[in-house]
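Order of listing sets the numbers, starting from 1, for every ligand and every atom in it.
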Amino acid sequence: MYTQSFSVSDGNANDTAKDSAKASAKNTVKGPKPVPVISAEEAEKIAAFEQRIADDGRIEPQDWMPEAYRKTLIRQISQHAHSEIVGMLPEGNWITRAPSLKRKAILIAKVQDEGGHGLYLYSAAETLGVSRDKMLDDLHTGRAKYSSIFNYPTLTWADVGVIGWLVDGAAIMNQIPLCRCSYGPYARAMIRVCKEESFHQRQGYESLLVMMRSTEEQRAMVQDAVNRWWWRCLAMFGPPDADSPNSALGMRYGIKRFSNDDLRQKFVDATVPQAEVLGVTLPDPNLKWNEARDHYDYGAIDWDEFWRTLNGDGPCNKERLATRVKADRDGQWVRDAALAYAQKRAAREAKEAA
Ligand code: BYC
């Protein structure tokens with residue numbers, strides 16, 4: 001939790017420092033290093049912001065905020081939004097092949113929910129002054145990240161259930177604390193997202209329960225899917241705390257409430273009993289209850305694979321990006337038509353009012 005005055009200078013103070021340094025460089029050839037100057041007004045704004053964070057209050061779009069806070073939120077919220085809309089693809093792939101009308105209806109609703117989550121999140125990011133076009137351009141050109149988990153293929157119907165159980169389960173574990181994040185629009189968006197994710201997780205688990213109570217072949221299909229998705233889900237929480245460059249800032253600003261490793265541990269502890277009820281084996285020989293720690297111990301995650309996937313070399317990176325770019329291009333005529341209609345309507349209303 002944030003408790004102390006900032007030891008890392010915020011963006012605004014930095015800008016002031018840079019401006020002051022530039023001015024000094026212009027006016028003097030040599031001399032002492034310029035000391036950053038913050039006006040009394042600026043210092044007051046920083047203090048008010050710090051106090052709001054320390055009091056666990058919410059920062060709203062119209063409030064003053066340090067540039068570093070704005071930037072880290074834009075980075076996280078836009079990546080989160082991209083994850084939602086790319087996350088529609090692996091499951092969307094199974095809509096035409098769902099095994100019954102009921103499963104098809106559930107899957108369509110779930111994929112639609114993910115699209116909705118993307119929209120709330122893009123809207124929340126827009127309140128920070130970044131345009132949706134810019135965010136999408138960053139996604140389409142590979143400048144922005146989206147969750148590593150969506151760069152893997154969904155090979156069987158059991159993968160769809162496992163995504164619900166484990167991927168959505170991991171997403172909820174990460175996202176519940178975000179409902180208390182310091183930025184109001186993000187926190188409010190996350191409340192609705194978490195309610196829907198929790199339904200997604202339960203429907204995934206239920207569909208796996210049905211398969212586990214069925215034939216030997218179906219049980220084997222579920223086990224195979226669990227074997228392929230388990231370790232990727234653990235990696236979803238992000239790099240170990242010691243290798244997480246953004247955590248310190250996120251925690252200090254009340255955006256992140258728990259570290260990557262803490263959330264990963266919570267997920268393991270919650271999931272092991274669920275796997276037992278389901279009757280599947282989690283693919284980790286080192287998974288053991290540790291009485292002293294009051295937690296499960298687990299084996300080593302393949303971080304090389306994680307970073308490779310993040311850097312564009314996962315099994316489906318190229319396919320996922322190409323699909324998003326095509327969807328955007330194919331939807332251009334809809335956006336053009338909506339804009340033309342809005343302009344026509346505004347012109348008619350203006351004429352009528354005149
Ligand atoms: N995938 O310093 P770190 C979902 C990046 S699923 C890709 O620890 P931070 C859904 C990280 O961005 C999940 N990239 O970063 C579920 C950073 O790169 P940059 C989406 C990852 O921000 C079902 C670098 O690695 N959820 O919603 O402190 C269906 C170093 O990491 C990943 C969210 O986005 C990863 N797994 O912590 C549909 C939740 N992990 O930006 C959809 C909100 C790390 O410096 N986000 N990186 O270039 C968060 O809570 C945090 O941003 C993270 C990372 C825990 C993900």
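- Screening R143, R132, R75 for a salt bridge (charged side-chain N to carboxylate O under 4.0 Å, His left out) involving D138 leaves a single residue, R143.
- Less than 6.0 angstrom separates the ring centroid of F49 from the ring centroid of Y69.
- Contact of the R103 side chain with the V210 side chain is registered, since non-hydrogen atoms from C-beta on lie closer than 4.5 Å.
- Side-chain contact of R219 with T215: a donor-acceptor pair under 3.5 Å is absent, judged by distance alone.
- The residues lining ligand 1, counting any heavy atom closer than 4.0 Å, are R75, Q76, Q79, H80, S83, E84, E114, K145, Y146, S147, S148, F150, D168, A171, N174, Q175, L178, Y186, A235, M236, F237, G238, P239, S244, P245, N246, S247, K256, N260, F306, L310.
- The existence of a salt bridge linking R228 and D224 is confirmed by a sub-4.0 Å separation between a basic side-chain nitrogen and an acidic carboxylate oxygen.
- Between Y120 and H80, the ring center distance fails the sub-6.0 Å criterion.
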